[in-house]
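Have a look at the structure below before the remarks.
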Amino acid sequence: MSISPFAHTVTILDFETTGLSPNQGDRAIEIGAVKLENGHIVDRFQRLMTPGFRVSSFIESYTGITNNMLREADDCAVVMNEFADFIQGSNLVAHNASFDKKFLDAELEAIGRSYDGEFACTLLNSRRISQQATSHKLGDLVRYHQIDNDGVFHRALADAEMTAKLWLIQLDILNYEYGIALPRFSLLQRIGKTPKASVAKMLSEVS
DNA sequence: TGCCAGGCCCTCTTTAGGGCCTT
C-alpha cells in the first residue's frame, strides 16, 4: 500500500556503499537519514554497518569510513532492520534516488523487509527547476544555493542533511517562482519525471 | 576470453552514443 499523497512525513536518506552496484556484490556500509514533518526535522538516523568484507582503499579515502571503523559496526541485517522500522509510513527522497533506491531494495530484500513509501529525486528536480546551475552534484548545489554545511561530505548523515535542505529549497522555488505552496509529494515526483523542456509549462498549469 | 552499473537526459537521435550523477 502506498503512502497518501497528502502525507507530511518525508525521510531524506543517503547510503555510503562499497561501490556502485549491488548487482556486482557491493553492499551498504553506512545509512544516514533525516525525517521531516511539515518541513521541520523531527528525527535522525545514522549507523555504520559491516558489509562482511574489507572495503577498498578508494572507498576508505572517498568516505573517510575505514575498515577499522567498520570492524566495530553491526551487520547490515541488524542495521537495515532498524532502518526499515524508521522509514515506515514515510515517503522517501534522495539525491540521485535511483542509486539509493537500488541499495535500499537490495539490503531490505536480503532480510525479507520492505517499505511502503515512494521515492522522489532532488537531482532530477534540480535539473528541471534549477536549470541555470552548471552542475547538479550535491556538493556543487550546496555551494550554488549557499546551503549551510559543516564541510563534511560523503558521509551519510551529513549528505542526508544537505539533501534535506536542498529539498526544502526546491519547495521554496516552487512556492516563490511558480506560486505552488505546500505541493503534494506526488507533484515533486512528477517534476522529476517530466521532460525538461515541458516542466515550466506543467508547473504553470499546476499553479 | 574479455568484460564488468544503471537510470536519465541531450543531440551531430530514434537501427546510437556519450555525459551526468551516485559510491
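Below, read A as the first sequence line, B as the second, and so on, with proteins coming before strands; counting in each chain starts at 1.
- Straight-line distance from the CE atom of A:Met49 to the P atom of B:dT23: 14 Å, rounded to whole Å.
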Give each protein N/O atom lying under 3.5 Å from an N/O atom of nucleotides 11-14 of chain B, with the pair distance.
none

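- Evaluation of the side chain to side chain donor-acceptor pair (under 3.5 Å) test over residues 168-181 of chain A, restricted to residues two or more places apart or in two chains, returns none.
- Within the structure, every pair that satisfies the ring-ring contact (aromatic ring centres under 6.0 Å, His included) test and touches residues 89-114 of chain A, not counting sequence neighbours, is listed here: A:Phe99-A:Phe103.
- With both ends at atom C1', the span from B:dT13 to B:dG18 equals 12 Å, rounded to whole Å.
- Of the residues in residues 153-163 of chain A, those placing a heavy atom less than 4.0 Å from an atom of DNA chain B are A:His154, A:Asp159, in numerical order.
- Taking side-chain N and O atoms only, A:Ser135 has a distance below 4.0 Å to OP1 or OP2 of B:dC21.
- A:Gln24 places its CD atom 13 Å from the C1' atom of B:dT23, with the value rounded to the nearest Å.
- Residues A:Glu30 and A:Arg47 are not paired through a salt bridge, judged by the lack of any N-O separation under 4.0 Å between the basic side chain and the carboxylate.
- The phosphate of B:dG6 has OP1 or OP2 within less than 4.0 Å of a side-chain N or O from A:Asn23.
- Under the rule for a side-chain contact (heavy atoms from CB on, under 4.5 Å), the partners of A:Ile111 that lie at least two apart in sequence or sit in another chain are A:Ala77, A:Met80, A:Asn81, A:Leu108, A:Arg113.
- A:Thr18 comes within 4.0 angstrom of nothing in the nucleic acid, heavy atoms only.
- Residue A:Arg27 contributes atom CZ, which lies 23 Å from atom P of B:dT22 at whole-angstrom precision.
- The same atom, P, is picked in B:dG19 and in B:dC12; the two are 14 Å apart, to the nearest Å.
- The CG atom of A:Leu141 sits 13 Å away from the C1' atom of B:dT22 (whole-angstrom rounding).
- A sub-4.0 Å separation between OP1 or OP2 of B:dC21 and a side-chain N or O of A:His136 is absent.
- Chaining together hydrophobic side chains whose heavy atoms lie under 4.5 Å apart leaves A:Leu123 on its own.
- If A:Tyr62 and A:Arg127 are placed on DNA chain B by their nearest nucleotide, the residue sitting closer to the 5' end is A:Arg127.
- Of all heavy-atom pairs between A:Asp100 and A:Ala94, the closest is OD2-CB, 3.6 Å.
- With both ends at atom P, the span from B:dC20 to B:dT1 equals 36 Å, rounded to whole Å.
- Applying the ring-ring contact (aromatic ring centres under 6.0 Å, His included) test to every pair with at least one member in residues 39-66 of chain A, sequence neighbours left out, gives these pairs: A:Phe45-A:Phe83, A:Phe45-A:Phe86, A:Phe58-A:Tyr62, A:Tyr62-A:His154.
- Taking only side-chain atoms of A:Ser98, from C-beta outward, the nucleotide of B:dT22, B:dG7, B:dT23 with the closest atom is B:dG7.
- Nucleic acid contact class of A:Ile29 (heavy atoms, under 4.0 Å, all strands): none.
- In summary, the side chains of A:Asp26 and A:Thr18 do present a donor paired with an acceptor at a separation below 3.5 Å, with no hydrogens or angles considered.
- Partners of A:Arg54 according to the side-chain contact (heavy atoms from CB on, under 4.5 Å) rule, which considers only residues two or more places apart in sequence or in another chain, are A:Asn67.
- Listed by chain and residue number, nothing satisfies the salt bridge (charged side-chain N to carboxylate O under 4.0 Å, His left out) test with A:Asp75 (two or more places apart in sequence, or in another chain).
- Contacts between residues 187-200 of chain A and DNA chain B, defined by a heavy-atom separation under 4.0 Å, are made by A:Gly192, A:Lys196.
- Atom-to-atom, CD1 of A:Ile65 to P of B:dT23 comes out at 10 Å; the value is rounded to the nearest Å.
- The CG atom of A:Asp105 sits 19 Å away from the P atom of B:dA5 (whole-angstrom rounding).
- Taking the nucleotide of DNA chain B with the nearest heavy atom to each of A:Asn96 and A:Lys102, the more 5' of the two is matched to A:Lys102.
- As a whole-Å value, the separation of A:Leu123 CG from B:dG19 P is 17 Å.
- Between the side chains of A:Thr9 and A:Ser90, no donor N or O sits under 3.5 Å from an acceptor N or O.
- Atom CZ of A:Phe15 is separated from atom C1' of B:dT23 by 12 Å (rounded to the nearest Å).
- Not counting sequence neighbours, the partners of A:Ala120 by the side-chain contact (heavy atoms from CB on, under 4.5 Å) test are A:Val93, A:Trp167, A:Phe185, A:Gln189.
- Listed by chain and residue number, A:Leu48, A:Thr66, A:Arg155 satisfy the side-chain contact (heavy atoms from CB on, under 4.5 Å) test with A:Met69 (two or more places apart in sequence, or in another chain).
- When heavy atoms are screened at a 4.0 angstrom cut-off, A:Asp14 is found touching the sugar-phosphate backbone but no base atom.
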